[in-house]
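The structure presented is a predicted model; accordingly, all values stated were derived computationally and were not measured. Per chain, numbering begins at 1; letters A, B, ... match sequence-line order.
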Amino acid sequence: MLFAFLLVFLLRALFGFEPLYDGGVYGGVAGLIGAIGFLWGIGCFDFWLGWAKGADISEEDHSFHGVSNWKQYFRFNTDHKVIGIQYLGMTLFFMLWGGLMALLIRTELAAPGQQIADGETYNGFLSMHATLMIFVFAVPVFGGIANYVLPIMLGAKDMAFPRLNALSFWFLPVAGFMFLASMFTGMFGAAWTAYPPLASQGTMGQTLFELGVQFAGASSIATAINFLATIVTMRAPGMTIWRMPILAWATGVTSVLAVFATPFIAGSQFLTMFDRIMGTNFFVPDQGGDVIMYQHIFWFYSHPAVYIMLLPGFGIISEVIATFARKPLFGYRAMAFSMVAIAVLGFGVWAHHMFVSGMAAWLRVPMMITTIIIAVPTGVKMWSWLATLWQGRIHIKTPMLWALGFLFTFLMGGLSGVFLGIVPADIQMSDTYFVTAHLHYVLYGGSVYTIFAGLYYWFPKMTGKMYSERLGHWHFWLTFIGTQLTFFPMHWQGLQGMPRRVSDYDPRFETVNSIETIGSYMLGVATIVFFYNIIVSWKSGPKAPWNPWRGKTLEWMVSSPPPLFNFDAVPQVVGGPYQYGIPDARHAVVFAPEEFGGELKEDTRYPVLVVANETLTSQTLIDEIRARNADGLWSFQLVVPVGDGDRSVAERRLATTLAILAESGVSATGRVADGDVVSVATEAAKEIQPNELVIATLPLAESQWMRTDSVDKVRKATGVALSHVVVPANDARALAGTSALPLVMVVATEAIGAEALATVVRTRADAEPARFTVVAPLDLPDPRWGAEANERRRAAGEAMTATINALVNTGVAVEGEVMDDAPSVALPLAIDAYKPSRIIVAGINGETAGLREAAEAAAGDTPVEAVNLGAAAGA
Amino acid sequence: MATTAGHAPADQQASPPQQKQHMNASLIAMLLFIGSEVMLFASLFTAYFFIRYGVANETWPPLKQDGEPFTLPVLLTGVNTLILISSSFTLWWGEKRLAAGDNKGLIRGLWVTILMGATFLLIQLNEYAHLGFTPQDKAFSGAFYTLTGFHGAHVLVGLIVLSLCLRRAYKNDFSHSYNTPLTAGSYYWHFVDIVWVLLFFLVYVI
């Protein structure tokens, strides 16, 4: 810094400039030299300088790869995974600052008149908010996500140019801190668009803004070149361009935009900076300058920049929706082509930001037409996402919530965008809150939602830990409601004529504005929830499996987090990336060294541990297992912990469930283990290393395990991703798998209620898994409404309840019915209704023969056997 | 490290596939970088044309602060343009020599190119000194200095790149099969030349 001041002083003295001191010039040069010094100091140029000096350097030097503790994230590193995290950390840090500015803006606007800031400061807030959010958050954050994920998705070991990658990251803090530093030198107040002549005036903050944009732009171009080179040259064998994940398409198209559009903002900022510090006259009309020229050059970048902030989000959303709808992405090629179309058209619409600027009038209609046409490829994408969801098996996990929220809010923003694209409407609505509403629906509801979808989606992959699903849901719903509260009323406000970028307003807008301020505070709270969730989960969340979402793309076929060079050997791609639900479809084959078990295939079944006892036979649990089985290759290990209860009961339940699962094609094994649930689950988890642990319990009030807090204890003890299935009590006792198991009908009249009957049924259930229905046909005396008949009916009902309870409590799937007719009349009806596969007649001594006769007469082909419970029951 | 080429025996087919280089990543990156440089100059040319055509009722060239019209030394700069264009051909000749296995020829080609480029820069600086107007004069002068200044900076970068290539050529680093840095450098040099030709015609001649 001191060096910079001296340099400028000497040069100015040398050439005789007057005055000797000019803050803008000094500050600008000091900022520039400080930035380069910082980059040099952190080691960004070491390799190239070494190369130029002829020092002993090695291309294969990987000492700047990987991290062993969190402090190393603050140092120069060439590992794309580390750089990805650095990008995300840095951009989220700037997002916090930008968000703080937004809250300050909303606080000022909470009521008419001046609250916390005068006009100048307010301009500073809104300029800082937009600048931080756009240049050092929304644009580069996608670079962070893609930096981490894309090379793995493509089957590469790293980016094409790791050192350039590191350099482009380190440009980012330079840019961001230049923006932030302007708070001490007088904040720039010309908004993020920095139109001259306003931008030609103002404090030194404006110069820092111009310099910062140059660094952010350089970062963006360098990253984009790197991504393109990576996508073109480093795809794994077999990954044709039509087998690339959509995120690769999105990143590629975005990178083309960044490479060819970003120089325009560099140009525009050079020109304003020259006007400011060199005294040129680009924007001084009476010296031949032209201020409209700035707007053309600026928007020629900044409109494509909108797509730079959206297209990667489209890619993320496509990944998330296909994965959580368990369906192939609808219209893969249309998705890819529509992104290309958006990018191409995006270069031809810039002047729709300038309809009221006084630009050449003939340019309006062509720009309106191209603007409206952009809605077509965007609509193609929207419908493709909806068609992907159509009849999909939708899993509402946090990333999917964000994706669905995105579809809604982005649609809203898209619709108001069409309004604004139409010249007469735009002339009316320009520079009102309608525009603010539109851009926040598109950039907040659009871009930021996709960012959160991506962050939650790949959080397990990046950190190796699972985030808290519950906090994720809280974060989403707070944000979603906050978004609508904050931005929806702005449409109305804008149509009523409230101008944007003004710190005060007409008192009639007070109610709406205070609602918006409340909404924005909700967004602030949501952000706190988000940061709490990711920080705590990263520190002490449960261990993430390799593939928690059962995704098909390559990043899910390596460990979480991936090894230093991603793959032990180059993977072979053999199919498309989104073939969910297609039997035998494979995206890629990943090879692993022998010590890890040789080739790892997509059809390797990973284990899932299921722990349950009383709820084991419930439909809820069985449905959970079936759903997992339907869209992933899992093998299920059922473990039934038995404390001091009856072991045979547990065995019976296990046999029933295993039989039902086997029938629906689920690969499952099981065992009964002695001990309490925590120790049994921990042992089993240690033994089979499951990808997921499912614990089923009764609801809180009835569950023995919940009473001792076992589920949380297991979560802590194992560190495995855990799903807690709560089974309603009546479901736990209900006849499981209604159609899956053979039905055995037990016919008894005198014997109901007797222990011997229950024993017979249990023995039968132990011999072969089956479900039972006990039928008691009563030969009632006339009149059937008489007291005697009623008494018999009541007694039979009680006895039946006792039998059923005794059986259900010991793990037999059974139900019962008392019928109002003699066996010869009742049994044909019962057999017709239940269609049993076998009939057992359980009589006591004399009645056995008669019952058997009636049963055989009604049974047709169904085998009938008779048991005489004899004296044992009679007693 | 030597690797054996040839087909793997049938019983080793389970070995992992190898990453194939589809194209040369460095050259792709250089072309993309040049694409973004083209756009940077495009933005500056846009500014220039707005200034040129956006100002109504004024003759071209516009008048300076002191009332005299701006004049540019077309003839001298024309000669300078020829020098720069020729330097592209000398670089191309050097690369041809390298392709023929003649490292000496490459070194000669690079030397001539670098000297011509440096000559161009010196003549440009001399021109700056004798133009008679400063960047602060009118919008036109600002655009003129910005365009030529940016181009001059690019020539300087090109010279540094070519000097580094020259150093490596002296160390015999380049061959027929490995010459990526040299090729990338020459792409850049040709780009700098083409931009100058455009600039010369659009700013000096018409």
Side-chain angles (χ1 to χ4, degrees), chain A residues 51-52 54 155-157 160-161 164 221-222 224-226 228-230 232-238 255-256 258-268 270-271 274-275 278-285 287-290 292-294 296-297 300-301 567-572 589 591 598-599, chain B residues 14-55 58 62-65 70 134-146 149-150 160 163-164 167-168 171 181:
Chain A
W51 180 87
K157 287 190 163 75
F161 307 106
L164 181 66
I221 294 175
I225 290 175
N226 213 338
L228 283 172
T230 309
V232 173
T233 62
M234 303 204 21
R235 280 171 287 136
S255 300
V256 172
V259 167
F260 290 100
T262 315
F264 264 71
I265 197 168
S268 70
F270 276 129
L271 300 184
F274 291 162
D275 262 20
M278 292 197 342
T280 55
N281 296 312
F282 285 103
F283 307 116
V284 184
Q287 302 293 325
D290 187 353
I292 301 289
M293 173 254 284
Y294 174 86
H296 279 291
I297 298 179
F300 195 78
Y301 162 72
F567 300 96
D568 295 302
V570 179
Q572 170 76 48
V589 185
F591 298 87
E599 188 196 11
Chain B
S15 73
Q18 293 303 308
Q19 181 104 38
K20 272 178 289 190
Q21 280 287 336
H22 305 263
M23 275 174 261
N24 189 326
S26 306
L27 290 185
I28 290 175
M30 181 44 92
L31 287 176
L32 287 169
F33 177 64
I34 288 174
S36 98
E37 292 277 42
V38 167
M39 295 305 280
L40 178 62
F41 277 98
S43 76
L44 299 178
F45 275 117
T46 310
Y48 169 74
F49 278 110
F50 264 95
I51 287 166
R52 181 158 180 170
Y53 290 108
V55 186
E58 208 177 325
L63 304 179
K64 290 191 275 192
Q65 298 282 31
F70 285 105
T134 65
Q136 290 83 6
D137 199 309
K138 275 276 178 95
F140 169 76
S141 63
F144 171 81
Y145 275 103
T146 304
F150 263 88
I160 292 172
S163 309
L164 290 172
R167 217 184 76 121
R168 292 192 73 173
K171 285 161 99 185

Measure distances from A/V284 to the heavy atoms of chain B and classify the residue's part below 4.5 Å as side chain, backbone, both or neither.
neither
Which one, A/G238, A/S268, A/A266, A/G267, leads in non-hydrogen pairs under 4.5 Å with chain B?
A/G267
Side chain, backbone, both or neither of A/F270 within contact of chain B (heavy atoms, under 4.5 Å)
side chain
Can you tell me how far apart CG (B/D137) and CZ (B/F144) are? Round to the nearest 0.5 Å.
12.0 Å
Would you mind checking which part of A/F264 comes under 4.5 Å of any heavy atom in chain B, side chain (CB onward), backbone (N, CA, C, O), both or neither?
both
Under 4.5 Å from a heavy atom of chain B, the part of A/F283 involved
neither
Best-contacting candidate, B/A143, B/S141, B/S36, against chain A by heavy atom pairs under 4.5 angstrom
B/S36
Could you tell me which of A/F274, A/Y294, A/F282, A/F300 has the largest number of non-hydrogen atom pairs under 4.5 Å with chain B?
A/F282
Less than 4.5 Å apart, any side-chain heavy atom of A/T280 and any of B/Y145?
no
Going from CE on A/M293 to NE2 on A/H296, what distance comes out if it is rounded to the nearest 0.5 angstrom?
10.5 Å
For A/F161, is it the side chain, the backbone, both, or neither that has a heavy atom closer than 4.5 Å to a heavy atom of chain B?
side chain
Pick from A/G279, A/A258, A/A224, A/P285: which one has the most heavy-atom pairs with chain B under 4.5 Å?
A/G279
Donor-acceptor contact below 3.5 Å, side chain A/S255 vs main chain A/I225
no
Non-hydrogen side-chain atoms of A/I297 and A/Y301 separated by less than 4.5 Å
no
I'd like to know whether the aromatic ring centres of B/F140 and B/F70 sit less than 6.0 Å apart in this structure.
yes
Side-chain contact test, heavy atoms from C-beta onward, threshold under 4.5 Å: evaluate it for A/L271 versus B/T146 and give yes or no.
yes
